Undergrad: 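Shown below is the structure under consideration.
Keep in mind the model is a prediction, meaning the values are calculated, not measured. All chains are named by letter (A, B, ...) in the order of the sequence lines, taking the proteins before the strands, and each is independently numbered beginning at 1.
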Amino acid sequence: MSLRVYNTMSGKKEEFKPLVPGKVGMYVCGVTVYDYCHIGHARANIVFDIIFRYLQFSGYETTYVRNYTDVDDKIINRANERKISSQDLAEEFIQAFDEDMEALGLIKPTHQPRATEYIQQIIDINQKLIDKGMAYASGGDVYYSVDKFSDYLKLSKRNMDEMVSGARVAPGEQKHNPMDFALWKAAKEGEPSWESPWGAGRPGWHIECSAMSSSLLGDSFDIHGGGRDLIFPHHENEIAQSEGASGKPFVKYWMHNGFVNVDKEKMSKSLGNFFTIRDILKNYDAEVVRFFILSAHYRSPIDFSDHNLSEAQSGLRRFYEALEASTNAIEGLDSTGHSSQEGEKLEEKFREAMDDDFNTALAIAHLFDGVRNMNRLIATKKFKKKLDLVAQVQDLHATILRLGSVLGLYRSQPTEWLDKVKLKGLKKLDITQEEIEALIDQRLQARAEKNFSRGDEIRVELEGKGILLLDTREGTTWRLK
RNA sequence: GGCCCCGUCGCCAAGUGGUAAGGCAGAGGUCUGCAACACCUUUAUCAGCAGUUCGAAUCUGCUCGGGGCCUCCA
């Protein structure tokens, strides 16, 4: 079974065959750096993070480019509001972005170019398009003539006539056709600008991605990704620019992730229903956020809510509890002399799921099966003496960790993770760790005196406050209800 | 108005022609002084209607409901 990916261009799943066998070039539209990232950005970046990881896991030598758009109207406006320079604003939010991605446990792309580092390439594309008659300079601006590109709207599958009727020309724009879009904008007073054959100016939106992708991946490459909302106009315009300039096919597979919704509605700034990554991480562990996002298929919409995050946390906790139990169960038992096929079987299912357009939800379901399997083995009587079973648990344990890392999961020490999440949850309750431990001591005392009714009282009291006591051979511990 | 997506167990969520994965929550059981964890058992015919087919959650049509893009947006 080989990798199949859903291509927005064809609207179907296609067998994945890179341009150069064994190698993949992937470009993902990053952020415009003028504000903090929200959970929608988190989803897009996590989705392509695991696509990157899985391509590498599958043996592809992958070059992953994710840009920063650091020159743009929104940046200029925001910088003016704050009375700082665009560069300082961009710098501030590039740093914030990097911190957020690091916190979410993303691995770094191969290249993270900035639009302002590619001004010359942007100018070159403009010139090439003008030379070919596909773009025109007009009053210091440069516009793309969409009617010169017959494939325009092939990605978003829209109808030009109807688009035109709804298109508007902003005041000051000098377009021949309302659907034309700016490749280069003449600088206004106080805006960042660069010298060009058309006077001082700055790039339009879209063109920077054409410049950075061709510079780092070539005129044609394998995968181009981003959120669904980028299909039109951003990606459509990129195609027009890049194919118009190079005369070659731009991208082989277009991949778009679904939205994050809040109460079934798209999250957006205008609705005011967005959550920043930073705020979410105050209440939930980063891995919980990742687990939540990967528990649905990347193209489906997901509903962000406290309830859903909590469920994700419960699910992840199951993994960590199993990992903790298996770590303890196989501790000190090295080579058993027995072989096991359990890991191999699990990996096969995992690959099958991931090969089917990165079906992380199914892949995780298989890992859950692995967990149950492992727990069942450990619960066997005289487990440690049955070396064939020990071998299977060792195999499953290692495989779950290895496959989990392809999803960026289970990277923490189980006990540490469980404690961390527990203490984070405790903050919401009306009791402290010290109080719990004091009560545990009292209960221990009572039980030592065979005063079970007092012991049960304490259990019930703590349960009322959201704390469950666990009696084990090593003593009594607690967890959140 | 144009284009597009979705509606699967209480909740989350896979499954795109061959007879419904998984998780959370619930019930019963084993274990436990009592519990918890873990394990075992158990819970759906897929919004509705009409078709195509030997066979459909999966294809077609219609209806109802929800959402997205068409202006900046992951």
Undergrad: Please measure how far the C1' atom in rG18(B) lies from the corresponding atom in rA25(B), and state the result in whole Å.
TA: 32 Å
Undergrad: Does R158(A) make a side-chain donor-acceptor contact with the base of rC70(B), cut-off 3.5 Å?
TA: no
Undergrad: State which residue, out of D49(A), I364(A), I46(A), fulfils the side-chain contact (heavy atoms from CB on, under 4.5 Å) condition with L407(A).
TA: I364(A)
Undergrad: Can you tell which of rA74(B), rG22(B), rC37(B) lies closest to the side chain of M267(A)?
TA: rA74(B)
Undergrad: Donor-acceptor pair under 3.5 Å: do we get one between R459(A)'s side chain and the base of rA35(B)?
TA: yes
Undergrad: Nearest to the side chain of D471(A), which nucleotide is it out of rA14(B), rG33(B), rC39(B)?
TA: rG33(B)
Undergrad: How far does the P atom of rU43(B) sit from the matching atom of rG61(B), given to the nearest Å?
TA: 36 Å
Undergrad: Over all strands shown, is F292(A) touching base, sugar-phosphate only, or nothing at heavy-atom distances under 4.0 angstrom?
TA: nothing
Undergrad: Can the ring centres of H224(A) and Y27(A) be said to be less than 6.0 Å apart?
TA: yes
Undergrad: Please give the distance between the C1' atoms of rC46(B) and rU58(B) as a whole number of Å.
TA: 10 Å
Undergrad: Identify the nucleotide, in any strand shown, that forms a Watson-Crick or G-U wobble pair with rC62(B), with both distances under 3.5 Å; if there is none, say none.
TA: rG48(B)
Undergrad: Between K157(A) and D456(A), which has a closest nucleotide on RNA chain B that is more 5'?
TA: K157(A)
Undergrad: When the ring centroid of F93(A) is compared with that of Y34(A), is the distance short of 6.0 Å?
TA: no
Undergrad: Rounding to the closest angstrom, what is the interatomic distance between rU16(B) and rC5(B) at atom C1'?
TA: 15 Å
Undergrad: Of the candidate nucleotides rC70(B), rC24(B), rA74(B), which contains the atom at the shortest distance from the side chain of F232(A)?
TA: rC70(B)
Undergrad: Checking only heavy atoms, does the side chain of D303(A) share a donor-acceptor pair with the base of rC12(B) at less than 3.5 Å?
TA: no
Undergrad: Give none if rU30(B) has no partner; otherwise give the nucleotide forming a Watson-Crick or G-U wobble pair with it, both distances under 3.5 Å.
TA: rA38(B)
Undergrad: May I ask you to verify whether the side chain of N261(A) and the base of rG68(B) hold a donor-acceptor pair under 3.5 Å?
TA: no
Undergrad: Does A365(A) reach a base, just sugar-phosphate, or nothing at all? Heavy atoms under 4.0 Å.
TA: base
Undergrad: Partner lookup for rU19(B), please. Criteria are Watson-Crick or G-U wobble with both distances under 3.5 angstrom; report none if nothing qualifies.
TA: none
Undergrad: To the nearest Å, give me how far apart OH (Y320(A)) and P (rA38(B)) are.
TA: 17 Å
Undergrad: Answer with base, sugar-phosphate or nothing: what part of the nucleic acid does F368(A) contact at a heavy-atom distance below 4.0 Å?
TA: sugar-phosphate
Undergrad: Once hydrogens and angles are ignored, does a donor-acceptor distance under 3.5 Å link the base of rG23(B) to the side chain of R318(A)?
TA: no
Undergrad: Can a donor-acceptor pair under 3.5 Å be found between the side-chain atoms of R443(A) and the base atoms of rG33(B)?
TA: yes
Undergrad: Rounded to whole angstroms, how far apart are NZ on K381(A) and P on rC31(B)?
TA: 8 Å
Undergrad: Tell me what T380(A) touches on the nucleic acid: a base, only sugar-phosphate, or nothing, going by heavy atoms under 4.0 Å.
TA: nothing
Undergrad: Rounded to whole angstrom, note down the C1' distance from rU60(B) over to rU53(B).
TA: 12 Å
Undergrad: Could you give the CD1-to-C1' distance, from I231(A) to rU71(B), as a whole number of Å?
TA: 16 Å
Undergrad: Tell me whether E321(A) is salt-bridged to R318(A), with the criterion being a basic N under 4.0 Å from an acidic carboxylate O.
TA: no
Undergrad: Determine yes or no for a side-chain-to-main-chain donor-acceptor pair under 3.5 angstrom, with R43(A) supplying the side chain and Y298(A) the backbone.
TA: yes
Undergrad: Can you check the distance between rC11(B) and rC62(B), where both ends of the measurement are the P atom (answer in whole Å)?
TA: 29 Å
Undergrad: Of F52(A), Y54(A), F221(A), which meets ring pair (Phe, Tyr, Trp, His ring centres under 6.0 Å) against Y64(A)?
TA: F52(A)
Undergrad: Of H234(A) and A296(A), whose nearest nucleotide on RNA chain B comes first from the 5' end?
TA: A296(A)
Undergrad: Only pairs with both distances under 3.5 Å count, Watson-Crick or wobble alike; so what is the partner of rA56(B) in this structure?
TA: none
Undergrad: Using the side-chain heavy atoms of A44(A), tell me which of these nucleotides is nearest: rA74(B), rC4(B), rA14(B).
TA: rA74(B)
Undergrad: Between rC6(B) and rC59(B), how many Å separate the two P atoms, rounded to a whole number?
TA: 9 Å
Undergrad: Determine the Euclidean distance between corresponding P atoms of rA74(B) and rG15(B); express it in Å to zero decimal places.
TA: 27 Å
Undergrad: Would you mind classifying the nucleic acid contact of N308(A) as base, sugar-phosphate or nothing, using non-hydrogen atoms under 4.0 angstrom?
TA: sugar-phosphate
Undergrad: For F181(A) and H206(A), I'd like to know if the aromatic rings sit close, meaning centre-to-centre distance below 6.0 Å.
TA: yes
